[in-house]
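In this text the structure is predicted, and so the values were computed from the model without any measurement. The figures here come from the full heavy-atom set of this structure, side chains too, leaving out hydrogens, waters and symmetry mates.
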Amino acid sequence: MDKNRIGINQLALLYLLSIAGGKFLTLPSILAKDVGHDSWLVLLFSFLWDAICLVFLLFAVRLNQEKQLDISAILDRTVTKVVSKIVMAIFFAIFIIRANILLSSCYKMFAVTFDVSTNWIVYVIPIVVISFFAVKLGFNSIARTTQLLFGIIFICVFVLVFSPISQVEFTSLLPVGEAGWGKILATSFTRSFWFSDYLFIYFVFDSIKVNKNRVFAPVIVAFVIGAVLTVLMNAMFVALYGDLAQDFDLAMTKIGVYFVSNSSNGRWDWLTLSIWLMSVIIKIIVFIYCAYKSLEKIFGFNKDKFNWYAGVFIVALLMLPMFISADVVLSTVVMWGLVPFVLVQYLLPIALPFLTKLALRKEVANG
């Protein structure tokens with residue numbers, strides 16, 4: 001049995017946690033700096049672009065159910081092996097940068113919120129070990145872990161987002177569109193690096209189990225729930241803190257503090273925050289897994305044997321935050337790479353149904 005096999009419901013749960021795990025820390029303050037209290041509108045447009053691409057991607061998954069070609073095989077047969085390797089290199093860059101950004105955010109959260117100081121290497125190595133263990137066991141191990149932990153993590157996300165809602169004056173978000181609709185739309189593209197959480201689906205493209213062609217409903221429902229929670233959390237954050245929102249890097253922690261500081265029962269948000277952080281750790285593990293698989297597809301590693309050269313290379317790249325801050329990476333590397341990143345985030349999923357059909361025809365023609 002393929003150890004990478006993943007059910008469509010498992011995929012949906014992992015996708016939901018990926019959305020909830022990656023945008024509740026530093027992104028709200030970044031968007032607040034860009035467009036002020038209209039940052040929630042940037043999220044709306046960004047999720048709209050994601051929704052369009054997700055539909056095309058899921059359609060490709062449905063088309064691929066009979067032959068179940070992997071993403072490299074499809075690209076090799078349609079856009080040549082050279083282009084296929086370039087696409088995988090772009091994937092690798094995205095996953096490594098995203099993993100580093102999330103690791104940096106979590107590291108800061110431990111230091112600032114939980115008052116825990118630790119060495120970066122000691123902090124990163126255990127997460128890397130778990131990630132490489134997941135590579136060895138297969139993606140199904142990540143999916144099963146997500147399925148097991150989903151209930152408690154989602155309850156914590158729900159509690160963190162909705163607890164202070166009665167204290168939020170949403171009128172402070174008026175007037176809507178004050179930053180200018182052109183700037184809001186432009187920001188939804190310049191900050192697109194933070195979106196397209198469906199990217200991991202490319203790396204289980206040939207291993208998704210679908211019953212009775214039931215592809216769209218579970219994943220779309222998960223996407224809508226994740227998008228609504230993210231937009232609501234961001235709107236609450238900027239409504240609560242106004243002009244100060246841009247100065248608070250860790251949005252989720254500030255929402256929790258705002259609520260419990262007005263309570264006579266003492267702080268309890270540290271517990272829900274700790275459990276919610278598991279979704280961020282899971283997302284980091286998924287990124288490292290996909291980064292390894294990107295190298296595997298570029299260099300043709302043996303799928304059944306862990307390649308330690310690739311492992312050491314990934315570990316070395318995950319040490320970069322010791323020398324380069326996340327802000328510098330976002331303002332330089334990410335901005336320079338915006339065009340190639342958009343290629344795999346938005347253009348590839350839209351083209352994938354057509355590429356999949358073409359690859360399947362060639363597969364049939366070759367017998």
Side-chain angles (χ1 to χ4, degrees), residues 18-35 39 42-43 46 90-128 131 187-197 199-200 230 233-234 237-238 241 244-255 273 276-291 313-338 340-342 345:
S18 294
I19 296 173
K23 299 177 179 61
F24 289 3
L25 287 171
T26 57
L27 180 60
S29 66
I30 291 173
L31 294 181
K33 291 176 184 176
D34 290 339
V35 294
S39 57
V42 174
L43 290 174
S46 297
I90 296 172
F91 272 129
F92 178 77
I94 290 176
F95 288 127
I96 286 296
I97 295 172
R98 285 191 172 187
N100 275 328
I101 297 297
L102 281 183
L103 283 168
S104 298
S105 298
C106 288
Y107 186 78
K108 186 172 184 178
M109 186 171 179
F110 288 132
V112 175
T113 304
F114 298 138
D115 196 24
V116 175
S117 179
T118 186
N119 180 276
W120 178 265
I121 297 175
V122 174
Y123 159 68
V124 170
I125 291 301
I127 298 176
V128 171
S131 302
T187 304
S188 72
F189 283 104
T190 57
R191 298 303 180 185
S192 59
F193 169 80
W194 296 87
F195 294 85
S196 305
D197 293 296
L199 290 181
F200 74 92
T230 304
M233 187 282 297
N234 191 93
F237 175 65
V238 295
Y241 289 99
L244 295 176
Q246 62 181 319
D247 300 321
F248 298 133
D249 291 340
L250 306 173
M252 184 65 98
T253 64
K254 288 301 177 181
I255 287 180
L273 279 169
W276 165 73
L277 270 177
M278 289 191 292
S279 68
V280 184
I281 300 300
I282 289 172
K283 189 168 186 177
I284 293 170
I285 292 171
V286 169
F287 286 162
I288 296 175
Y289 175 95
C290 292
F313 182 53
I314 290 173
V315 171
L317 292 178
L318 294 179
M319 294 299 117
L320 288 178
M322 296 173 61
F323 311 102
I324 307 173
S325 72
D327 290 338
V328 171
V329 172
L330 288 171
S331 61
T332 56
V333 179
V334 172
M335 295 307 295
W336 295 338
L338 191 60
F341 291 170
V342 166
Q345 288 182 252

> Drop me the distance from I314's CD1 to S131's OG, to the nearest 0.5 angstrom.
9.0 Å
> So, for I90 and P340, which heavy atoms are closest and what is the spacing to 0.1 Å?
CG2-O, 3.5 Å
> Any side-chain to backbone donor/acceptor pair from S39 onto V35? Under 3.5 Å, distance only.
no
> Counting N and O atoms only, with roles assigned by atom type, does the side chain of W120 sit under 3.5 Å from a partner on the main chain of L318, one being a donor and the other an acceptor?
yes
> Could you walk me through whether V315 and I125 pass the side-chain contact (heavy atoms from CB on, under 4.5 Å) test, one step at a time?
CA-CA 8 Å; V315 171; I125 291 301; 4.2 Å; yes
> Say whether, by atom type as modelled, one donor and one acceptor occur between the side chain of S46 and the main chain of L43 under 3.5 angstrom.
no
> Would you indicate whether the side-chain heavy atoms of F193 and V333 approach each other to under 4.5 Å?
no
> Restricting to pairs with a member in residues 116-125, which pass salt bridge (charged side-chain N to carboxylate O under 4.0 Å, His left out), not counting sequence neighbours?
none
> Should I101 and F287 count as side-chain neighbours, where that means a heavy-atom distance under 4.5 Å?
no
> Between W194 and I30, does the side-chain contact (heavy atoms from CB on, under 4.5 Å) criterion hold? Intermediate values first, please.
CA-CA 11 Å; W194 296 87; I30 291 173; 3.5 Å; yes
> Got a second to check how far L102's CG is from I285's CD1, nearest 0.5 Å?
11.5 Å
> Applying salt bridge (charged side-chain N to carboxylate O under 4.0 Å, His left out), name anything that partners K33, two or more places apart in sequence or on another chain.
none
> Do D34 and V42 pass the side-chain contact (heavy atoms from CB on, under 4.5 Å) test, and can you show the C-alpha distance, the side-chain angles, and the key distance before you say yes or no?
CA-CA 10 Å; D34 290 339; V42 174; over 6 Å; no
> At their closest point, which heavy atom of S192 faces which heavy atom of Q345, and how far apart are they?
O-NE2, 2.7 Å
> If you define the side chain from C-beta out and look only at heavy atoms, does anything of T230 sit under 4.5 Å from I19?
yes
> Are any non-hydrogen side-chain atoms of L103 and N100 less than 4.5 angstrom apart?
yes
> Working note: L273 + M109, criterion side-chain contact (heavy atoms from CB on, under 4.5 Å); need CA distance, chi angles, decisive distance, verdict.
CA-CA 10 Å; L273 279 169; M109 186 171 179; 3.5 Å; yes
> Shortest non-hydrogen contact from F341 to I97?
CZ-CD1, 4.0 Å
> Any side-chain heavy atom of L27 within less than 4.5 Å of one from F195?
yes
> In terms of the angle between their ring planes, are F237 and Y241 parallel, tilted or perpendicular, with boundaries placed at 30° and 60°?
tilted
> Just wondering, do F95 and V286 contact through their side chains at under 4.5 Å, heavy atoms?
no
> Nearest 0.5 Å, please: how far is CG in L338 from CE in M335?
5.5 Å
> For F200 and S18, which heavy atoms make the closest approach, and how far apart are they?
CE2-OG, 4.4 Å
> Rounded to the nearest 0.5 Å, what separates atom CZ in F24 from atom CG in L250?
14.0 Å
> Does the side chain of L199 come within less than 4.5 Å of R98's, by heavy atoms?
yes
> How about L277 and F110: do any of their side-chain heavy atoms sit closer than 4.5 Å?
yes
> Which pair of non-hydrogen atoms, one from T26 and one from S105, has the smallest distance, and what is that distance?
CG2-OG, 3.5 Å
> Looking only at non-hydrogen atoms, find the nearest pair between I121 and M322 and report the distance.
CG1-SD, 4.0 Å
> Suppose we screen for side chain to side chain donor-acceptor pair (under 3.5 Å). Which residues come up paired with D197, at least two apart in sequence or across chains?
K23, K283
